[in-house]
There are 2 protein chains.
Amino acid sequence: MASRRPTMVEQVRNGIRELISDGTYTVGDQLPNEQQMGERFGVSRATVREAYRGLIESGYLARRQGSGTFVARIPQQHALDLNLSYTEMIRAAGFKPSIVVLDTSVRQADDSDLAHLAMTPGEDVVVVERLRLADDRPVVYSIDRLPASLVPPDARGDGFGRSLFGLLEQVSHGARNGRARIKPVLASGAPARHLQVAKGTPLLFFEETDFDGAGRPVLASSEWHTSDVFDMWINRKATLHSRSL
Amino acid sequence: MASRRPTMVEQVRNGIRELISDGTYTVGDQLPNEQQMGERFGVSRATVREAYRGLIESGYLARRQGSGTFVARIPQQHALDLNLSYTEMIRAAGFKPSIVVLDTSVRQADDSDLAHLAMTPGEDVVVVERLRLADDRPVVYSIDRLPASLVPPDARGDGFGRSLFGLLEQVSHGARNGRARIKPVLASGAPARHLQVAKGTPLLFFEETDFDGAGRPVLASSEWHTSDVFDMWINRKATLHSRSL
DNA sequence: GAGTGGTCTAGACCACCGT
DNA sequence: CGGTGGTCTAGACCACTCC
């Protein structure tokens, strides 16, 4: 796993991040235009443009045609659409994140697994039940499933006995994008018990599938979220939907 | 308001959409590579790349490095992050959308308006209370506020008496992106009554601000959503958050 | 009108994927 | 290995915003 030489775009992107974090530019400021920034880093305008694009997509910058590129007014670190990692979200919201593994097991894939994880009948799935905490307050109770075939062969001894959790961490770091169905529900049973809320408390329920870079499903999760510790955000944008499609 | 000449990128984008909607390529198919598609439309590779990029961002296509560009497996028309228009979402989910205006009024901006809509004390806001239906079943009850200053001068006669709703339509079509805080709540009061659900039914509550192309807030909404008529989706993606920012 | 981002070209080389 | 997308350059002109 030799570390790759960073691309020009990455170098420029990191350079810009540094210019912001060291206070050279701050929230609301206009950045140098694409040409000037290119000269500063010794790259072409197209390269700066690509670097800016990435920072815009992750919410750091905002572009306004005809006027300039600006440091975004609102830090959007814990928007659901820009982050797959609850650990990061909790940290970005200003809390200390932690995770408790409640249970781990291995079983045969059921119909839901076959559908969500593109598995074939008879394959095994690994199931992990976890609780996430923000400053020791429970905020997410989740049941995660992943194909056992994603386990490296050398870790498959005695029924995955050792660290299913480490495995899951490894898999979830490989996840690049996901698709969540969201739904409001009333707390009851295990979610209510683990999140330490009264039955009937409103919770957010997510049914999510995460995919790796190649578009393969690697993780299916059912998650129950409390809403009182920190806010959940979604960035929305209009896309031009053609009538013909 | 002369209609602009479509750019090459737009032409290519529409051409590709047509190739998909007429069945030349279907879900899961690999598209011609960037070079070939460029030859087909008589444009450079960079132009095709930009067209592909837009279609990927709106969920129609998926790119896999080293293998190709494909028609996305899953139509994502009614994902919350890719669509600002509930009318479109309802339609995409296969229902007939309609809207009932329950009430319209004008009042002075309160503190919440000042904060969300970047207004100055003493300005007026227009308030519209609406109910959206999917095949005549109520699905969203909302209270929308917008700065009265967005009303064209010639429509400002007698306290905006005529069609506040048409005005809101006009403004909301100008909205390009938004930011929603989501929260699960229990139905009660006006939302329960208008959505025709029992008190205590779990609802999704959105507190949303929408912005125009220049980043100006144009619309602040409080929305209560039922979850039983159609599903709400969020597309999520991992973004590389630097530790320094 | 000056300055900005938006589009576009032609060509090059690299990194990754599958066979 | 061949084919794909990913990166990068140098230069040009257009469209928009704001003074």
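Quick note on labels: first sequence line is chain A, next is B, and so on, each numbered from 1.
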For B:R63 and D:dG6, what is the distance between atoms CZ and C1' respectively, to the nearest whole Å?
9 Å
Quick one: A:Q36 CD to C:dG5 P, roughly how many Å, whole number?
8 Å
For atom OH of B:Y52 and atom P of D:dT7, their distance in whole Å
17 Å
With a non-hydrogen cut-off below 4.0 angstrom, is A:S44 in contact with a base, only sugar-phosphate, or nothing?
base
Given atom CD of A:E50 and atom P of D:dT7, what is their separation to the nearest angstrom?
6 Å
Quick check for you: among C:dG5, D:dC8, D:dG6, whose closest atom lies nearest to any side-chain atom of A:N33?
C:dG5
Reckon B:R45 touches a base, only the sugar-phosphate, or nothing at all at heavy-atom distances under 4.0 Å?
base
Presence of salt bridge, A:E50 and A:R13, under 4.0 angstrom:
no
Using side chain to side chain donor-acceptor pair (under 3.5 Å), reason through B:R49 and B:S44 one step at a time and then give a plain yes or no.
CA-CA 9 Å; B:R49 196 168 165 73; B:S44 75; over 6 Å; no
Salt-bridge test for A:R130 and A:E223: reply yes if a basic N is under 4.0 Å from a carboxylate O, no otherwise.
no
Rounded to whole Å, CG of B:L61 lies from P of D:dT4 at a distance of 16 Å
Please pick, from D:dC8, D:dT17, C:dG6, the nucleotide with the shortest atom-to-atom distance to any side-chain atom of A:S67.
D:dT17
For B:F70, is the NZ or CZ atom of B:R64 found under 6.0 angstrom from the centre of its six-membered ring and inside 45 degrees of the ring axis?
yes
Closest to the B:T47 side chain: D:dT9, C:dG6, C:dT9?
C:dT9
Is B:R49 touching bases, backbone alone, or none of the nucleic acid, heavy atoms closer than 4.0 Å?
base
What nucleotide, of D:dT4, C:dC16, C:dG5, holds the atom closest to the side chain of B:Q30?
D:dT4
Report yes if a side-chain nitrogen or oxygen of B:T69 is closer than 4.0 Å to either non-bridging phosphate oxygen (OP1 or OP2) of D:dG5; otherwise report no.
yes
Expressed as a whole number of angstroms, how long is the span from B:M8:CE to D:dC14:P?
15 Å
Nearest nucleotide by nearest heavy atom, which residue falls closer to the 5' end of DNA chain D, B:R216 or A:R13?
A:R13
Mind calculating the distance between CD (B:E34) and P (C:dA12) to the nearest angstrom?
18 Å
Can you tell me if B:D22 has over 12 outside heavy atoms packed within less than 6.0 Å of its CG?
yes
Check the distance between D:dG5's P and B:L55's CG and give it to me in whole angstrom.
14 Å
